[in-house]
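Since the structure comes first, as structure tokens, the remarks are kept for the end.
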Amino acid sequence: MLIPPKYNHIEIEKKWYSYWMKNNLFKSIPNDKEPFTIVIPPPNVTGLLHMGHMLNNTLQDILVRRARMLGKNACWVPGTDHASIATEAKVVENLKKKGINKTDISRDEFLKHAWDWTDKYGGGILDQLKKLGCSCDWDRTKFTLDDDMYESVIKAFEILHKKGLIYRGHRMINWDPEAKTTVSDEEVNYIEEDSSLYYIRYLIEDSNIDLEIATTRPETIFGDTAICVNPNDDRYKEIIGKNAIVPICNRKVPIISDNYVDLEFGTGCLKVTPAHDINDYNLGIKHNLETIDIFNEDATLNIHGMHYMGKDRFTVRNEIEAELKKNNLLIKKENYIHNIGRSERTNAVIEPRLSKQWFLKMNDITKPAIDNVLKDENIKFFPSKFKSTYKYWLENIKDWNISRQLSWGHQIPVFYYGDNEDYVVAMNKEHALKKINNFETGKKYKEADLTQDNDVLDTWFSSWLWPISVFDGIRNPDNDEIKYYYPTQDLVTGPDIIFFWVARMIISGYEFRNEKPFSNVYFTGIVRDKLRRKMSKQLGNSPDAIKLIEEYGADSVRVGLMLSSAAGNDLLFDESLCQQGKNFTNKLWNALKLINGWEIDQKKTQPIENKLALEWYNSKFNNTLELIDKNFDSYRISDVLMSSYKLIWDDFCSWLLEILKPGYGDKIDKKSKTELIELFEKNLKILHPFMPFLTEEIYHNIPNSNNSNPLTTSPWPSKENYNISIVEEFETSKEIISQIRNYRKEKNISFKTSLDLYFIPNDNQLNNIEIIKKIAIIDKLEESTKENFDMVTSFIIKNFEFFIPLEDGFDKASEINKLKKELDYNKGFLKSVENKLKNENFVNNAPDTVVEKEKQKIKDAEQKIESIKKSIAELS
RNA sequence: GGGCGCUUAGCUCAGUUGGUUUAGAGCACCUCGUUUACACCGAGGGGGUCGGGGGUUCGAAUCCCUCAGCGCCCACCA
């Protein structure tokens with residue numbers, strides 16, 4: 001079989017992905033095997049693959065592929081999210097370009113545009129995931145607005161409403177006047193911005209005292225319904241209970257007192273505008289104040305704004321400043337820096353607004369989510385530090401505002417009838433009609449009498465059902481799929497959506513199925529650039545994911561991402577990581593070429609060093625496998641890769657292959673090659689979750705490999721018993737060989753020149769040349785004493801003394817110097833251990849095993865010192 | 001303002017309940033090397049006393065206190 005000199009990732013990745021798909025290797029249906037399920041965090045349907053997706057999905061693929069190899073029924077459910085706000089914003093923007101205003105078209109017309117947009121740009125991200133090698137069961141692909149998914153969301157609303165958990169309330173919400181929608185607290189960014197603090201004069205009724213009031217929002221005076229001072233403020237005690245006159249509109253408002261007001265800030269006087277400030281709203285409720293809403297939906301002033309009606313709030317701010325100044329009501333204006341809330345999506349300044357919204361009561365349904373994560377650890381977080389964040393949020397949870405003033409999404413299944421305050425919750429109009437007409441009122445309603453609520457549900461209200469709804473567990477709670485696949489095993493996601501999504505899925509899991517949605521949550525960090533900056537379009541520091549795959553190959557990119565991504569840690573991405581991954585693929589490819597190049601000599605018997613080396617690597621492999629399995633179980637994925645990387649690069653390639661490598665013109669014995677290939681195949685298996693394409697390709701190029709089955713579905717190596725002492729002994733061998741290499745380097749002796757190595761028999765040591773030879777893996781080693789040679793250089797390893805005879809060019813002084821240095825080191829070491837043992841407290845208090853270890857150290861060090869001294873004496 | 005966390009080689013990080021030699025890894029760096037798998041390589045090497053200070057202990061990178069610096073989350077003061 002001819003192996004190409006270079007690994008062609010483009011061709012080979014295409015080949016194997018279509019092979020896997022054609023043979024349905026990622027397909028899962030319920031069977032009698034243990035299920036292993038992951039639901040993908042559904043990316044935005046019209047989004048494009050970025051580094052964060054790559055990291056996240058590579059991790060999921062690694063977990064899924066390993067589970068598959070462990071013989072589990074692995075099921076990775078892919079899908080996309082409709083992402084109401086983001087998608088609707090894009091569609092609106094796109095329509096604007098075409099000269100269409102969203103407000104000018106009907107809901108149905110708008111939805112048609114949105115679907116066209118989705119059909120055109122949607123789902124591309126899933127194809128990109130295939131390029132990355134993701135082994136999802138693509139037949140299961142879901143979209144949150146698919147009919148069945150849609151119905152599940154509505155059904156969930158119905159269930160919760162029936163339980164009395166959903167209510168309609170008046171709330172101060174964050175209003176985005178540009179998108180004309182509410183945004184959740186989490187979607188508002190507070191940014192320090194330059195602003196002004198206006199000091200405005202308010203007159204007091206029946207008094208000649210003026211009040212100075214500081215505000216950042218003079219345009220809201222039309223909504224003022226009180227003036228508030230601190231009850232302990234001596235400056236204002238006398239005027240409490242009187243009325244103040246609001247400038248320009250000349251309305252009388254009461255002067256009230258409340259501890260909320262800060263004596264130090266501004267003038268200690270606060271104008272209260274309950275309709276437009278959350279704190280004022282709370283004051284309004286407390287003091288039973290009137291609420292005057294002065295804004296229209298787009299934050300222009302309404303009729304209460306008098307002559308400013310129809311003008312934008314910021315325009316009014318400027319104009320009112322002028323009017324106040326003209327009337328001598330503006331005392332001063334100061335520069336002022338404060339936090340201004342802006343919509344994450346449109347960047348519009350958020351307007352606090354009183355609005356009718358749908359809410360989900362959270363307090364009643366969070367208990368299992370708290371207990372099962374924090375008390376019982378039925379759900380584990382990796383890293384566990386995120387439990388504190390989770391805990392804090394759940395223990396301070398507020399009711400969830402689930403309605404959004406958008407069209408793209410699941411329309412709220414509430415149908416108003418009669419005087420428009422009565423409503424029913426139903427899957428559709430038909431059901432709704434049936435429901436009301438069943439009432440005892442006797443009144444018969446027609447379809448035309450019903451109006452569905454115009455709002456849609458928060459996107460997260462569909463996402464929080466995802467692990468259940470993808471298996472249709474909301475509509476059909478007893479179906480075979482949900483019973484088999486739920487609860488799922490792992491969730492891989494970012495800590496930034498721990499509240500939005502993770503916590504809510506846990507809540508919904510217990511609420512709808514009385515069972516956790518997943519057992520383990522792996523939190524990935526944020527992918528940043530080398531300078532720790534977030535990847536962003538503006539900075540242009542975000543690499544094109546697909547280009548990276550094309551340039552380096554999917555395997556290399558996957559390895560690059562995994563090399564430095566401990567759970568929860570941010571990943572400082574740099575292309576050099578992909579290069580490192582590519583170097584590794586090259587290394588493996590070349591190992592294949594090397595092994596394939598070795599011809600077999602059928603008659604040759606296995607040399608002892610081959611036997612020893614293979615035995616050693618087998619032990620080393622199993623020793624590492626043990627560690628790998630352990631690290632997999634604790635989700636230390638980058639540690640797993642690192643151990644495999646070192647095992648294969650250093651132990652397999654640099655040591656094992658170098659020992660087995662036949663000499664010039666030589667061939668390898670059959671036994672060695674057969675055993676070697678077995679080990680090589682095992683290497684491929686542990687690497688397969690990380691580098692699926694390369695390993696699959698190599699696997700099918702191994703000579704003598706009888707296995708025509710794909711690696712993807714081959715069994716994970718089972719842990720065999722191994723002898724740890726073999727592994728340890730080999731470390732000694734490595735040391736001996738390293739010493740010889742050092743010696744060659746020091747003396748500038750080429751590798752072509754062979755050296756004789758001798759071993760000094762020592763009665764106190766294991767005095768068996770065979771054992772020493774075994775340890776040294778060097779069959780030229782002979783037993784001798786230094787007296788037989790004029791000059792030697794010696795080294796001591798694990799209390800065995802070895803030496804190499806010297807012929808000429810021997811620098812006695814430097815040799816002695818070298819030994820003296822070693823002597824000093826050992827003496828220093830000895831002294832530190834001796835001091836420890838001299839300390840009576842240590843000897844008396846430390847456990848016996850620890851003391852014993854220290855004593856042994858002394859013995860070893862003393863012996864070594866003796867040997868070195870002897871060598872020095874001999875040279876002098 | 002409230003809460004959580006971090007500070008170990010040039011960089012990114014390990015370091016499990018305090019005790020395997022005088023702290024590890026990968027990358028980077030330096031030196032040497034074209035021996036027919038690989039220069040996308042090989043061999044070798046330098047480099048940290050674990051942010052500062054104090055304490056507990058026979059013993060601390062590991063526990064406690066304190067100072068300094070950094071980061072994240074929540075709330076957001078007219």
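By convention in this document, chain letters (A, B, ...) are assigned in the order of the sequence lines, proteins followed by strands, and residues within each chain are numbered from 1. Heavy-atom basis, side chains included; hydrogens, waters and symmetry copies ignored.
Pair assignment for B/C72 gives B/G3, based on Watson-Crick or G-U wobble hydrogen-bonding distances that are each under 3.5 Å. Of the nucleotides present, none pairs with B/G48 by Watson-Crick or G-U wobble criteria with both distances under 3.5 Å. Pair assignment for B/C41: B/G33, on the basis of Watson-Crick or G-U wobble contacts that are both within less than 3.5 Å. Remark: B/A14 base-pairs with no nucleotide in the shown strands. Criterion, Watson-Crick or G-U wobble with two distances under 3.5 Å.
Computed from coordinates, the A/Asp574 CG to B/C13 P distance equals 14 Å when rounded to whole Å. In this structure, CG of A/Asn230 is placed 18 Å from P of B/C77, rounded to the nearest angstrom. Note: CZ (A/Phe652) to C1' (B/C38) measures 14 Å, nearest angstrom. Between A/Ile397 atom CD1 and B/A75 atom C1' there is a gap of 16 Å when expressed in whole angstrom units. A/Leu563 has its CG atom 9 Å from the P atom of B/C27, to the nearest Å. At whole-Å resolution of the value, CD1 in A/Ile628 and P in B/A25 are 18 Å apart. In this structure, CG of A/Leu283 is placed 13 Å from P of B/C77, rounded to the nearest angstrom. Across the protein-nucleic acid pair, A/Ile668 atom CD1 and B/A37 atom P stand 13 Å apart, rounded to whole Å.
Residue A/Tyr336 is in sugar-phosphate contact alone, with no base atom involved, counting any heavy-atom pair closer than 4.0 Å across all strands shown. Nucleic acid contact for A/Phe584: none, since no nucleic acid atom lies under 4.0 Å from a heavy atom of the residue. Using a 4.0 Å heavy-atom distance criterion, A/Gly268 is classed as a base contact. The residue A/Lys646 sits close only to the backbone: its heavy atoms come under 4.0 Å of sugar-phosphate atoms, none of a base. Here A/Cys653 lies in heavy-atom contact (under 4.0 Å) with a base. A/Trp598 comes within 4.0 angstrom of no nucleic acid atom, judged by non-hydrogen atoms across all strands. Contacts of A/Asn396 with the nucleic acid, taken as non-hydrogen atoms under 4.0 Å apart, are absent. Among the atoms of the strands shown, only primed sugar atoms or phosphate atoms (P, OP1, OP2) are found under 4.0 Å from some heavy atom of A/Asn279.
Considering only side-chain N and O atoms, A/Lys530 lies nowhere under 4.0 angstrom from the phosphate OP1 or OP2 of B/C11. For B/C41, one of the phosphate oxygens OP1 or OP2 lies less than 4.0 angstrom from a side-chain nitrogen or oxygen of A/Asn583. The phosphate of B/C27 (OP1 or OP2) has a side-chain N or O of A/Tyr645 nearer than 4.0 angstrom. Note on A/Ser654: a side-chain N or O is less than 4.0 Å away from OP1 or OP2 of B/A43. Under 4.0 angstrom from either OP1 or OP2 of B/C40 there lies no side-chain N or O belonging to A/Lys6. Between A/Arg636 and B/C13 there is no side-chain polar atom (N or O) within less than 4.0 angstrom of OP1 or OP2. The side chain of A/Tyr198 contributes no N or O atom lying less than 4.0 Å from OP1 or OP2 of B/A78.
No option in A/Gln580, A/Glu575, A/Lys582 other than A/Glu575 meets the side chain to side chain donor-acceptor pair (under 3.5 Å) test with A/Tyr552.
Nearest nucleotide to the A/Arg532 side chain, out of B/U12, B/G42, B/A78: B/U12. For A/Asp277, taking side-chain heavy atoms from C-beta onward, the closest of the listed nucleotides B/C13, B/C40, B/C77 is B/C77. Distance from the side chain of A/Leu270 is smallest to B/A78 among B/C73, B/A25, B/A78. For A/Asn586, taking side-chain heavy atoms from C-beta onward, the closest of the listed nucleotides B/C40, B/G19, B/A37 is B/C40. When distances are taken from the side chain of A/Asn590 to each of B/A37, B/C41, B/C13, the shortest belongs to B/A37. The side chain of A/Lys587 has B/A37 as its nearest neighbour among B/A37, B/C77, B/C73. Distances were taken from every side-chain heavy atom of A/Glu658 (C-beta onward) to each of B/C38, B/C41, B/G26; the shortest belongs to B/C38.
Shown here is A/Asn396, whose CG atom has more than 12 heavy atoms of other residues, nucleotides or ligands within 6.0 Å.
A salt bridge does not link A/Glu351 with A/Arg353: every distance from a Lys NZ or Arg NE/NH1/NH2 to an Asp or Glu carboxylate oxygen is 4.0 Å or more. Of the charged side-chain nitrogens involved, none lies within less than 4.0 Å of a carboxylate oxygen, so that A/Lys859 and A/Glu862 do not count as a salt-bridged pair.
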Margin query: A/Asp651 vs A/Lys734, test: salt bridge (charged side-chain N to carboxylate O under 4.0 Å, His left out). Steps then yes/no.
Written below: CA-CA 10 Å; A/Asp651 296 312; A/Lys734 282 181 175 177; 3.2 Å; yes
Checklist line | Derivation and outcome, ring pair (Phe, Tyr, Trp, His ring centres under 6.0 Å), residues A/Phe381 and A/Tyr390 | finding: CA-CA 10 Å; A/Phe381 284 6; A/Tyr390 175 85; 5.2 Å; yes
Checklist line | Verdict with supporting geometry, A/Thr585 and A/Asp555, side chain to side chain donor-acceptor pair (under 3.5 Å) | finding: CA-CA 8 Å; A/Thr585 63; A/Asp555 293 321; over 6 Å; no
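Side-chain atoms of A/Lys646 and A/Ser644 form no donor-acceptor pair, as typed in the model, at a separation below 3.5 Å.
Distance check on atom C1': B/U7 versus B/A14 gives 15 Å, rounded to whole Å. To the nearest whole angstrom, the two C1' atoms, one in B/G24 and one in B/G15, are 7 Å apart. Going from the C1' atom of B/C50 to that of B/A23 covers 8 Å, rounded to whole Å. Using P as the reference atom, B/G59 and B/G45 are 35 Å apart when rounded to the nearest Å. Atom name C1', nucleotides B/G52 and B/A61: the rounded distance is 15 Å, in whole Å. When the P atom is used for both B/U49 and B/G10, the distance is 9 Å, rounded to whole Å. Separating the P atom of B/G51 from that of B/A9 is a span of 8 Å, rounded to the nearest Å. Taking atom P in both B/U66 and B/C74, one finds a spacing of 27 Å when rounded to whole Å.
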Listed pairs, N/O of protein and of nucleotides 3-10 of chain B, under 3.5 Å:
none

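Note: A/Tyr522 and A/Tyr635 have tilted aromatic rings, judged against thresholds of 30 and 60 degrees for the angle between ring planes.
The distance from atom NZ of A/Lys587 to atom CD1 of A/Ile648, rounded to the nearest 0.5 Å, is 12.0 Å.
Residues passing the side-chain contact (heavy atoms from CB on, under 4.5 Å) test with A/Lys530 are A/Asp574, sequence neighbours excluded.
Remark: the A/Lys582 side chain and the B/C40 base include no donor-acceptor N/O pair separated by less than 3.5 Å.
Between A/Val261 and A/Leu657, the one whose closest nucleotide on RNA chain B sits nearer the 5' end is A/Leu657.
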